[in-house]
Amino acid sequence: QVQLAESGGGLVQAGGSLRLSCAASGRTSSSSAMGWFRQAPGKEREFVASISRSGGITRYADSVKGRFTISRDNAKNTMYLRMSSLKPEDTAVYYCAATPAGYTYDAPKNQYEYDYWGQGTQVTVSS
């Protein structure tokens, strides 16, 4: 079992930056791929970015490619999402997620491949 806790959300003006963190506890996160997803009001949860167990594979949604950077520090059991050039349409609750241990060496985009989820952190981008 693994527990995930996001932090770093907040209110930022368009064009600004934020860094989200996701701390994992309960077991080492290095055995799991991890990802970020977001859900805006009235919309379904969508994929943002994912990173493989080793960090060697990263994937991004087209809407954030070139603006967001996902990374992880397995020694600290923590994953990050650096968000730059933020837009009002990036406003959402951001969730981190982890796959089951040993599930894959890839970085899945499908939320149904993730078993563990954090509670979410709100990101609001004002215009």
Side-chain angles (χ1 to χ4, degrees):
Q1 194 78 355
V2 62
Q3 293 80 44
L4 303 174
E6 305 94 338
S7 62
L11 174 64
V12 63
Q13 288 189 329
S17 299
L18 280 175
R19 188 181 79 159
L20 305 183
S21 299
C22 174
S25 61
R27 63 164 167 83
T28 177
S29 64
S30 61
S31 58
S32 297
M34 299 185 74
W36 289 98
F37 295 80
R38 67 186 182 186
Q39 187 168 20
K43 295 187 177 181
E44 294 187 352
R45 188 163 58 188
E46 64 176 4
F47 168 76
V48 175
S50 60
I51 188 165
S52 62
R53 294 161 59 177
S54 68
I57 300 172
T58 56
R59 304 190 188 281
Y60 296 92
D62 288 344
S63 59
V64 306
K65 201 170 294 184
R67 299 189 297 121
F68 291 11
T69 302
I70 190 170
S71 62
R72 65 189 297 166
D73 184 338
N74 286 340
K76 295 182 178 180
N77 270 356
T78 303
M79 175 180 65
Y80 305 98
L81 185 69
R82 175 68 176 175
M83 306 185 293
S84 302
S85 301
L86 283 161
K87 305 175 181 179
E89 51 264 44
D90 294 319
T91 295
V93 177
Y94 284 70
Y95 298 91
C96 67
T99 65
Y103 172 70
T104 180
Y105 286 102
D106 206 332
K109 291 185 174 182
N110 189 333
Q111 60 179 301
Y112 298 106
E113 298 192 60
Y114 292 84
D115 273 7
Y116 305 102
W117 293 84
Q119 292 299 305
T121 185
Q122 176 71 46
V123 172
T124 302
V125 184
S126 63
S127 57

- Below 4.5 Å, heavy atoms only, C-beta onward: do T121 and L20 meet side chain to side chain? yes
- Electrostatic pair D62-K65, nearest N-O below 4.0 angstrom: yes
- State whether the number of non-hydrogen atoms from other residues, nucleotides or ligands found under 6.0 Å of Q3 atom CD is greater than 12. yes
- Listed once per pair and sorted, the disulfide bond (SG atoms under 2.5 Å apart) pairs that draw on residues 37-83, sequence neighbours left out: none
- Message: Could you check whether F37 and W117 have their ring centres less than 6.0 Å apart?
- Response: yes
- Message: When you group the ILVMFWY residues by side-chain heavy-atom contacts below 4.5 Å and let the links chain together, are Y114 and F68 in the same group?
- Response: no
- Message: To the closest 0.5 Å, what do you measure between OG (S63) and CD (E46)?
- Response: 5.5 Å
- Could you tell me whether the side chain of T91 and the main chain of V125 form a donor-acceptor pair under 3.5 Å? yes
- Message: I need the L4 CG to T78 OG1 distance, nearest 0.5 Å.
- Response: 10.5 Å
- Query: Considering only heavy atoms from C-beta outward, does the side chain of R45 approach that of Q111 to under 4.5 Å?
  - Reply: yes
- Determine, using the 4.5 Å side-chain heavy-atom cutoff (strictly less than), whether Y80 and I51 are members of one ILVMFWY cluster. no
- Query: Out of curiosity, M79 CE to N77 CG, how far, rounded to the nearest 0.5 Å?
  - Reply: 11.5 Å
- Item | Residue pair V48 / Y60, side-chain heavy-atom distance below 4.5 Å | no
- Task: Enter the distance from R72:CZ to N74:CG here, rounded to the nearest 0.5 Å.
- Result: 4.5 Å
- Contacts of Y116 that satisfy ring-ring contact (aromatic ring centres under 6.0 Å, His included) - sequence neighbours left out: none
- Message: Which residue is it: E6, Q122, R38? I am looking for the one with a side chain to side chain donor-acceptor pair (under 3.5 Å) to Y94.
- Response: R38
- So which heavy atom on A92 is nearest to which on A40, and how close? CB-N, 3.8 Å
- Message: A side-chain contact here means heavy atoms from C-beta on lying under 4.5 Å apart; do R59 and F47 qualify?
- Response: yes
- Item | Sequence neighbours excluded - disulfide bond (SG atoms under 2.5 Å apart) pairs with any residue from residues 76-127 | C22-C96
- Query: What is the minimum heavy-atom distance between S32 and A98, and which atoms define it?
  - Reply: CB-CB, 4.2 Å
- Report the C-alpha distance between R82 and S17 in whole Å, list the side-chain angles of each, state the deciding distance to 0.1 Å, and finish with yes or no for side-chain contact (heavy atoms from CB on, under 4.5 Å). CA-CA 7 Å; R82 175 68 176 175; S17 299; 3.7 Å; yes
- All heavy atoms of T104 vs all of A33, minimum pair found to be CG2-CB, 4.2 Å
- Message: To the nearest 0.5 Å, what is the distance between OG on S85 and CZ on R67?
- Response: 7.0 Å
- Shared hydrophobic cluster for L18 and V64 (ILVMFWY, side-chain gaps under 4.5 Å): yes
- Task: With the side chain counted from C-beta on, respond yes when Y105 and R53 share a heavy-atom pair under 4.5 Å apart, and no when they do not.
- Result: yes
- Which value, rounded to the nearest 0.5 Å, describes the distance between D106 atom CG and S50 atom OG? 7.5 Å
- Less than 4.5 Å apart, any side-chain heavy atom of T99 and any of D115? no
- Indicate yes or no for a side-chain donor-acceptor contact from T124 to the backbone of L11 under 3.5 Å, with no hydrogens or angles considered. no
- Query: Would you say Q39 and Y95 make side-chain contact, with heavy atoms under 4.5 Å?
  - Reply: yes
